[in-house]
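Contents: one structure, followed by commentary.
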Amino acid sequence: MARPSQNIDQRLLEAGRRLLPDLGCAALSVRRLAAEAGVNAGMFHYHFRTKDVFLQALLQSTYDDMFARLQPAASAESSSVTENLRRALNIIARFVRDNRRLMLRLLTDAVSGEKLAADFLRANMPRHIAVVAELMDTARHQGRLAAIAPEQMIGFTIGAIGMPIIVGAAFETGQLPPMPALAHFASETLSDEAIAQRIDLALAALSVAIHDDSAAASRGSASAGK
């Protein structure tokens, strides 16, 4: 049987994108989704059968849109590996920024034991991290980034670029109490310019470390000789 027209499945997905960041996986109900989308609950079950199927489709489609842009940006043959890395980090960071309330909710749900959120993060986070790790490894072998452990580079980069976005979302949603000293934290850290600046700073720090390697080695040799 052909599906009814009117893009009802898309209307439901759009309603889910509006509601999920506030309600979370557990509290989001089929009745609330149907009301938000302006359809009856029977149409929800026709298109998605269960809430879990719906949430998986919603989350996966949101992520896959980003990943489809990430892959060509990371493999452009006309650019250096560091420029590809810069573009890849920009795409990931803007995706997190544009979906920051959803990302914060998923992290909260996963920590709280919500299986669907944890499964989604477990299945998808390694995908874009692997793209970044491969670019960093290539850059490291080309002498463009410091010869330090990949896990160290990834952890530093995620913290430097992504953590301000998550903290900004926590301020916006009231999960962090207002702090006068950080009153403009979100507005000052979530812009395209702020993201690009943090990417530049992170890559500069990883590159500067190259010049520190020889000094560290010299210090290690001197210590060993004492």
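As the structure is a computational prediction, the values presented were derived from the model and not from experiment.
In this structure, the side chains of Asp192 and Asn90 stay at 4.5 Å or more apart for every pair of heavy atoms. Side chains of Phe171 and Pro178 form no contact here, defined as non-hydrogen atoms less than 4.5 Å apart. Looking at heavy atoms from C-beta onward, Leu102 lies out of side-chain contact with Arg17 at the 4.5 angstrom threshold. Using a 4.5 Å heavy-atom cutoff, the side chains of Leu23 and Arg32 are in contact. Side-chain atoms of Leu59 and Leu106, non-hydrogen and from C-beta on, do get closer than 4.5 Å to each other. Counting heavy atoms from C-beta on, the side chains of Ile165 and Met103 never come closer than 4.5 Å. In this structure, Thr189 and Arg198 have side chains that are in contact, with non-hydrogen atoms separated by less than 4.5 Å. With a 4.5 Å cut-off on side-chain heavy atoms, Leu58 and Leu12 do not count as touching.
Not a single donor-acceptor pair under 3.5 Å links the side chain of Asn7 to the backbone N or O of Gln10. The closest donor-acceptor contact from the side chain of Lys51 to the backbone of Ser29 lies at 3.5 Å or more, if one exists at all.
Using a 3.5 Å distance cut-off with no hydrogens or angles, the side chains of Asn124 and Gln60 do pair a donor with an acceptor. Using a 3.5 Å distance cut-off with no hydrogens or angles, the side chains of Asn84 and Arg87 do pair a donor with an acceptor.
Contact check on Arg69 versus Asp64 returns no salt bridge, with no Lys/Arg side-chain nitrogen under 4.0 Å from an Asp/Glu carboxylate oxygen. In summary, Glu172 and Arg100 engage in a salt bridge, as defined by a charged side-chain N under 4.0 Å from a carboxylate O. With respect to Arg105 and Asp22, no salt bridge is recorded, no charged nitrogen being found less than 4.0 Å from a carboxylate O. One finds no salt bridge joining Asp98 and Arg94 here, because no Lys/Arg side-chain nitrogen approaches an Asp/Glu carboxylate oxygen to under 4.0 Å.
Of all heavy-atom pairs spanning Leu13 and Ala57, the tightest one is CD2-C, 4.4 Å. Here the closest non-hydrogen pair linking Ala26 and Glu114 is CB-OE1, 3.7 Å. The shortest non-hydrogen separation linking Cys25 to Asp109 is N-OD2, 2.9 Å. Considering all non-hydrogen atoms of both residues, Ser191 and Arg97 come closest at C-NH1, 3.7 Å. Shortest non-hydrogen contact noted between Gln152 and Ile148 is CG-CD1, 4.1 Å. Contact detail for Ala74 and Ala88: the closest heavy-atom pair is CB-CB, 4.4 Å.
Considering only residues two or more places apart in sequence or on other chains, Asp200 meets the side chain to side chain contact (heavy atoms under 4.5 Å, CB included) condition with Arg86.
Note: Phe44 and Phe48 have tilted aromatic rings, judged against thresholds of 30 and 60 degrees for the angle between ring planes.
By the rule that hydrophobic residues join a cluster once side-chain heavy atoms approach within less than 4.5 Å of another member, Ile158 and Val111 end up as members of separate clusters. Leu201 and Ile199 sit in two unconnected hydrophobic clusters of ILVMFWY residues. Membership requires side-chain heavy atoms under 4.5 Å apart, directly or through other members.
In this structure, the ring of His128 has its center no less than 6.0 angstrom from the ring center of Phe95.
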